[in-house]
Amino acid sequence: MDIKRFMVATALSAVVLVGFEYFLPQQNHKTVEQQAPNATPGLPPIAAGGNTSAAPPVADASQPDPRVAIDADRVHGSLDLRGARLDDLVLKNYHETVKAGSPLVRVLEPRDQAEPNLVEVGWANVSGGHVSVPDANTVWTADHDTLTQAQPVTLSWDNGQGQVFQINIAIDQNYMFAVTQKVINHGGEAVSLYPFSRVERGYTPVETGGYLVHEGPISVIDHKLDESSYKSLRKGAVPPGNIAWTKAGQGGWAGITDKYWLSAVIPQQDSDVAGTYSYQPTGGDKGVYDVGFTARTPLVVAGGGEAVSASHVFAGAKEVPLLEKYESSLHIPDFWKAVDFGWFAFLTRPIFTVLDWLNTMLGNFGLALMAFTLLVKALFFPLATKQFQSMGKMRQLQPKIKALRERYKDDQMALNQQMIALYKQEGVNPASGCLPMLLQIPVFWCLYKDLYVTIEMRHAPFFGWIHDLSAFDPTNLFTLFGLIPWDPTVISPMLQLGLWPIAFGLTMFIQQRINPAPAADPAQQKMFQLMPVIFTFFMARQPSGLVIYYCWNNLLTMAQQTLIQRRVKNRSDSKPKLPAGKK
């Protein structure tokens, strides 16, 4: 493989890196799926129960809502007793940035704050039902003032018509809440109610992942993943219920996902439910996104009896091993898909598993990346040997190829025929050297995807100045690495060039010197010479973990090439030479 094909393959890998998922078809639900004949209506209005206004009610600011504190190993916050809303939750182990004193990440926030994000559970009446059900203004009573891992909390409310509603909430050592809704009917007649649960987001966030990471409504129902956008909900909302998408099925999960965080409701897995996405305009360009479930079969509570509905709520970090653990223990289908491993999840996910294991063994994700590179090199070593052998043979043929180009410069067809004959005569396959590079493109993509979407690499430090392997190198040549106090990126993002990208460019340049370009026209020569510079600036905005991986990969490639070439040369020198005059 000559340097020209090497550069083409490298350029193709970059195109794949930045553009592949951009051109993949994106799901965009513009119409509501047909419901089964016995499907229930969508989620109740935001103010569930008696209040049918689309806008959430505003509590009296002079009278703060009573709350139950939440204090567990990895989260703290509170539960609003007005409406029984889970709307205040902070993660104890995650900060917004790597800077000292950075605030902790908040995943749930009350309706009266700038970025409301909350979870509600409740009951809706059947058509024609007149049972007074709790709504967003209902003030519940709690049997404890703090929810902990060892102490669940039970909320109660009596509607004055003979029915008592209860919600028991428990939390584990991570981010999973177990919710049990109970209706106790002291009346003489049976009542029928639909239990529901939903995630509500009262703002449109800035999506940071672009086409690489899905952010927004997400669900798995009947083992089918749906990823809709905020835009599709706004455009597809159909009055009067403003439902943008719905699907009937059994069990599953649904919620709203950010790049690293997830708020989701999980019904009982053997229950028949209708999953729904909706958008409720609240005036101007503002509105509320609702994602959740309503039971398709009403809960019938006989007179003098009681009925129970169980569900779970997840609100926290999308840690892959934890999601997989919940998937196994709670039988939540495809819960790991909350992490957007993409269309190549069959490769991306196993590569992440290996990286995560190496990180556990070595205690540093940067070292895990380097160890993974060694594994990849060992795996592709036989192919690399053939690659470098092919490169050596192609270099030996360059004088003959140059002579053929001169001889047939005016007859392209004849030149091609003579080139094919020469390759056949010398036993050279020009394409064989490209195979190792092409096989490594999926690895390159999967590493990029893993570094970009998994929280395990967020804020993961390396040595020296790299404190976050998922972010670009913070040093900058154009500030003389901090000596000049200004930010050149306000002029152009291209004016960001850290030490690791520079090191990458140098290793690429050295590779070019080891494998000089064959005879080519001046324009091609200039292009080859510019490739290290172009890729240096391209990699400057990529995750530093990926840049470190490719620097290390380039160094190993050069060492591997030197070793293989010496072996080939030794074998050639050790062959017995024929006596002079004999053929």
Side-chain angles (χ1 to χ4, degrees), residues 1-17 19 380 382-442 444 505 507-536 538 554 557-558 560-583:
M1 182 181 72
D2 58 29
I3 192 67
K4 178 179 178 180
R5 286 195 303 279
F6 174 81
M7 291 301 177
V8 170
T10 305
L12 285 174
S13 69
V15 171
V16 170
L17 172 65
F380 289 114
L383 287 174
T385 300
K386 293 182 179 179
Q387 171 189 348
F388 292 128
Q389 288 175 345
S390 175
M391 291 171 63
K393 290 180 180 179
M394 288 298 296
R395 279 197 298 269
Q396 293 174 1
L397 290 180
Q398 287 308 308
K400 294 182 180 181
I401 293 173
K402 183 178 180 181
L404 288 175
R405 285 175 176 167
E406 289 293 328
R407 186 182 303 174
Y408 298 101
K409 60 183 178 180
D410 297 324
D411 190 346
Q412 187 64 40
M413 183 176 295
L415 175 61
N416 291 338
Q417 291 174 346
Q418 291 298 320
M419 294 276 282
I420 292 173
L422 177 62
Y423 292 146
K424 185 175 181 180
Q425 176 185 341
E426 298 293 338
V428 174
N429 182 359
S432 64
C434 296
L435 182 60
M437 175 60 68
L438 294 175
L439 289 177
Q440 288 184 66
I441 289 177
F444 179 79
T507 59
M508 193 173 179
F509 173 76
I510 295 171
Q511 277 191 304
Q512 280 193 357
R513 303 296 293 179
I514 294 176
N515 297 288
D521 61 72
Q524 285 183 333
Q525 292 282 7
K526 290 181 180 179
M527 183 61 185
F528 296 150
Q529 293 170 2
L530 284 174
M531 289 299 284
V533 177
I534 294 172
F535 274 84
T536 295
F538 171 76
N554 287 347
T557 299
M558 288 185 282
Q560 189 180 50
Q561 180 178 355
T562 302
L563 175 63
I564 293 173
Q565 287 178 342
R566 285 181 179 176
R567 285 185 176 181
V568 172
K569 184 177 183 301
N570 291 337
R571 289 175 184 174
S572 177
D573 293 343
S574 64
K575 290 181 179 179
K577 297 181 180 180
L578 292 175
K582 294 186 179 182
K583 297 182 179 180

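Every value quoted in this text rests on a predicted model; they were computed, and no experiment measured them. Note that these values count all heavy atoms, side chains included, but never hydrogens, waters or copies made by symmetry.
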With a 4.5 Å heavy-atom cut-off, do M531 and Q512 have their side chains touching?
-> yes
Report yes if some heavy atom in the side chain of N416 is under 4.5 Å from a heavy atom in the side chain of Q412; otherwise report no.
-> yes
Those residues at least two apart in sequence (or on a different chain) that pass side-chain contact (heavy atoms from CB on, under 4.5 Å) with F509 are R513, P532
For the residue pair N554 and M508, what are the closest heavy atoms and their distance?
-> ND2-N, 4.0 Å
As an exercise, state the distance from [atom1] of [X] to [atom2] of [Y], rounded to the nearest 0.5 Å.
X    : Y    : atom1 : atom2 : answer
L422 : L415 : CG    : CG    : 10.5 Å
Q425 : Q418 : CD    : CD    : 10.0 Å
I534 : F538 : CD1   : CZ    : 11.5 Å

